[in-house]
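Have a look at the structure below before the remarks.
Count residues from 1 along the sequence.
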Amino acid sequence: MTNPPDSSQSIRSVRTSTARIRIRPVLATVLLAALLTACGGSDGPGSPGSHAVPTGSAGSRVVDGTVPSPPDRTVSGLRDDTRHITRKTTTGTRPRMVKRCTSRVRRVKHTSTSGTGRRKRTRTWYTNDSYKDCKKVQQGTTRYTRVVRRARWCVELDNVGGNSTKDDVWYEVESDVYRRATQLKEGAKLSFTPLRKGC
């Protein structure tokens, strides 16, 4: 049965309208996703979602990609006393080990094969190989010097860091700092970088 011309055009019009209705939600979804992506990717350094590294704030641990140097260990106070602890050594003995070698001979086996199949022949012979057998053995004793106490140079400070309650604090220092401290009068101001606290 053949449809009238106007009826065919009506069916085609209905199909076109249905396709447009289906396409509109898809376009809306794509546009919404693009809008959200654009908003999410435009975070600046100060936005909540950003992960920018601080470049110069006073309390930051990393500045311009570098870790700040450790705090200055310099101490200051009033010169109190100095102390030089001399190096102390003692003499000890220990075994004296020497290398001793003995010439030895070992028998070495050699083989060679010639021919193939039934004509294959194997020849065997031996040679004497000389070698040295070495080991360390004790030969008496030897004397050596052992350090019992290392040399140290120390300086005592009062009023450390301007704190009147921090008196009589000892610091181990380099020898040149010690010499500089010995040239000052007691109570003179003195600053230095200690090796360690205590003496």
Under 3.5 Å, which donor-acceptor pairs link side chains of residues 136-154 to any protein atom two or more places apart or in another chain?
| from | atom 1 | to | atom 2 | distance (Å) |
| --- | --- | --- | --- | --- |
| Gln138 | NE2 | Gly140 | O | 3.4 |
| Gln139 | OE1 | Arg96 | NH1 | 3.0 |
| Arg149 | NE | Thr86 | O | 3.1 |
| Arg149 | NH2 | Thr86 | O | 3.3 |
| Arg150 | NH1 | Glu172 | OE2 | 2.8 |
| Arg150 | NH2 | Glu172 | OE1 | 3.3 |
| Arg150 | NH2 | Glu172 | OE2 | 3.3 |
| Trp153 | NE1 | His84 | NE2 | 3.4 |

Rounded to the nearest 0.5 Å, what separates atom [atom1] in [X] from atom [atom2] in [Y]?
| X | Y | atom1 | atom2 | answer |
| --- | --- | --- | --- | --- |
| Lys166 | Leu157 | NZ | CG | 10.0 Å |
| Asp81 | Glu156 | CG | CD | 5.5 Å |
| Phe192 | Asp176 | CZ | CG | 11.5 Å |
| Leu190 | Leu78 | CG | CG | 9.0 Å |
| Arg73 | Arg196 | CZ | CZ | 9.5 Å |
| Lys185 | Arg79 | NZ | CZ | 11.5 Å |

Q.
Suppose the criterion is disulfide (SG to SG under 2.5 Å): which pairs have a residue in residues 86-122, not counting sequence neighbours?
A. Cys101-Cys134
Q. Under the side-chain hydrogen bond (donor to acceptor under 3.5 Å, both in side chains) test, which residues partner Asn163, sequence neighbours left out?
A. Thr165
Q: Could I get the full list of side-chain hydrogen bond (donor to acceptor under 3.5 Å, both in side chains) partners for Arg104, not counting sequence neighbours?
A: Asp133
How close do [X] and [Y] get, counting heavy atoms only, and between which atoms?
| X | Y | answer |
| --- | --- | --- |
| Asn159 | Ser164 | OD1-N, 3.1 Å |
| Pro194 | Val173 | CA-CG1, 4.3 Å |
| Thr74 | Ser191 | CG2-CB, 4.4 Å |
| Val160 | Tyr171 | CG1-OH, 3.6 Å |

Could you list the donor-acceptor pairs under 3.5 angstrom formed by side chains in residues 107-123, with sequence neighbours left out?
| from | atom 1 | to | atom 2 | distance (Å) |
| --- | --- | --- | --- | --- |
| His110 | NE2 | Thr127 | OG1 | 2.8 |
| Arg121 | NH1 | Arg118 | O | 3.0 |

(Q) Test of understanding: with side-chain contact (heavy atoms from CB on, under 4.5 Å), list the residues that count as partners of Ser103, not counting sequence neighbours. (A) Lys132
Q. Transitively linked via ILVMFWY side-chain contacts under 4.5 Å: Val75 with Leu184?
A. yes
